[in-house]
Amino acid sequence: MKRLLQNQFCLFVLALAVNLVFQQGLFAQGVTTSSLSGTVTDASGEPLIGANVVAIHLPSGTTYGTSTDIDGTFNIANMRVGGPYKITSSYTGYGDNVVEGIVLRLGEAQRRNIVLEEQAIELMGIQVVATRGATGANAGSSTQITSEDLDVLPTLDRDLNDFTRLTPQASTSVSGISFAGVNNRYNAIYIDGAVNNDVFGLSSSGTNGGQTGISPISVDVIDQIQVVLSPYDVTLGGFAGGGINAVTKSGTNTFSGTAYYFIKNQDLAGKT
């Protein structure tokens, strides 16, 4: 009987340990998507119930769709970052509203209010004008680095630090980059939502491959980067300095690629 109780106690301790590890994995997750929400109303401001809202990611053809509720509001979650998107809103008895050139940033909850006009009214065109809220109002203290920024910004080491240093609270040194004065080993690096930290703490840069002087991932495959310091989203955690969210590029219907090279010769050295 005593041996049976000991076996049961060991199984209980093992199950508790597995549960704690699983919960820790749930909290240490990065953001990889964006979302779009808003309202659909008529010209008088009355909400349109059941209006269709379709968003198409033009580079890949990915389609997202939803309908408005009793208050005329809609919400499309887990959308691919970047763009451009084509947003089409329709309702029986009303003309379609089409908005193009919408670009979603990583971790952003963009809001757009749409007005539909009755079909009987002949319109030359419908233009929906909205003001995007500040990043701080959506994600706390953070910095957004888009694919356009990655294409034009110079990089010396082809490293993430060449771009994350755009954060005002960042401080660079030989050993890496820190945020708000916190040691860089307390940063969290998420690539497509997966933790990519130096779990053994061997590298002074706090990243995988830091001892060899390389980046944990090639900058050519990065689509967008988000640096969060005090996020409002409770799903972001596991860091004390800065949380670096990076998502990789997804496929499109066009074949493309990148290449780079290093060159060094006597013409690049000054004469002494």
Side-chain angles (χ1 to χ4, degrees), residues 29-149 193 223-226 228-236 245 247 250 252-253:
Q29 294 180 354
V31 176
T32 61
T33 59
S34 303
S35 62
L36 180 69
S37 62
T39 60
V40 180
T41 61
D42 59 13
S44 62
E46 291 295 326
L48 299 179
I49 305 173
N52 293 322
V53 180
V54 178
I56 301 177
H57 185 257
L58 297 180
S60 63
T62 305
T63 302
Y64 305 87
T66 186
S67 58
T68 57
D69 58 16
I70 192 173
D71 297 322
T73 61
F74 68 91
N75 180 64
I76 305 177
N78 300 322
M79 300 179 67
R80 297 175 61 162
V81 300
Y85 276 90
K86 178 181 178 181
I87 312 298
T88 303
S89 306
S90 60
Y91 191 73
T92 303
Y94 292 79
D96 293 349
N97 182 294
V98 180
V99 182
E100 299 184 3
I102 305 300
V103 178
L104 300 181
R105 298 186 298 179
L106 176 61
E108 178 188 31
Q110 188 173 139
R111 183 174 180 83
R112 287 187 171 271
N113 296 325
I114 302 172
V115 178
L116 298 183
E117 299 286 348
E118 293 185 3
Q119 187 69 47
I121 301 176
E122 184 178 355
L123 298 175
M124 298 299 295
I126 301 175
Q127 182 179 5
V128 178
V129 180
T131 301
R132 177 180 297 171
T135 302
N138 297 325
S141 179
S142 64
T143 300
Q144 299 281 346
I145 305 170
T146 64
S147 56
E148 290 79 9
D149 297 330
D223 187 18
Q224 292 192 28
I225 302 174
Q226 178 193 39
V228 293
L229 301 180
S230 56
Y232 299 153
D233 192 347
V234 296
T235 61
L236 293 175
N245 290 318
V247 292
S250 57
T252 64
N253 297 328

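Basis for what follows: all heavy atoms, side chains included, without hydrogens, waters or symmetry-related copies.
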query: Between CD1 of Ile76 and OG of Ser37, what distance do you get to the nearest 0.5 Å?
result: 9.5 Å

task: Over all heavy atoms of both residues, which pair between Tyr91 and Ala51 is shortest? Give the atoms and the distance, please.
output: CD1-CA, 3.5 Å

task: Check the pair Tyr64 / Ile56 against side chain to side chain contact (heavy atoms under 4.5 Å, CB included), numbers first and verdict last.
output: CA-CA 6 Å; Tyr64 305 87; Ile56 301 177; over 6 Å; no

- request: Take Thr39 and Arg112 through the side chain to side chain contact (heavy atoms under 4.5 Å, CB included) test and state the conclusion after the steps.
  value: CA-CA 7 Å; Thr39 60; Arg112 287 187 171 271; over 6 Å; no

message: Side chains of Ser44 and Asp42 only: does a donor on one sit below 3.5 Å from an acceptor on the other?
response: yes

query: Between Leu104 and Gln110, what is the shortest heavy-atom contact and its length?
result: CD2-NE2, 3.3 Å

query: Under a 4.5 Å cut-off applied to non-hydrogen side-chain atoms, are Lys86 and Val99 in contact?
result: no

message: Just verifying a value: how many Å separate Asp149 CG and Gln144 CD, rounded to the nearest 0.5 Å?
response: 10.0 Å

Stepwise side chain to side chain donor-acceptor pair (under 3.5 Å) check, Ser60 with Thr62: CA-CA 6 Å; Ser60 63; Thr62 305; 2.9 Å; yes

statement: Rounding to 0.5 Å, atoms CD1 (Ile114) and CD1 (Ile87) come to a distance of 7.5 Å

- line: Nearest heavy-atom approach of Val40 to Thr68 is CG2-CG2, 3.7 Å

query: Do side-chain atoms of Glu118 reach the backbone of Tyr94 as a donor and acceptor pair under 3.5 angstrom?
result: no

query: Checking side chain to side chain contact (heavy atoms under 4.5 Å, CB included) for the pair Val128/Asn97: CA distance, chi angles, key distance, verdict?
result: CA-CA 9 Å; Val128 178; Asn97 182 294; 3.3 Å; yes

task: Output, in order, the C-alpha distance, side-chain angles, deciding distance and verdict of side chain to side chain donor-acceptor pair (under 3.5 Å) for Asn52 and Ser67.
output: CA-CA 5 Å; Asn52 293 322; Ser67 58; 5.2 Å; no

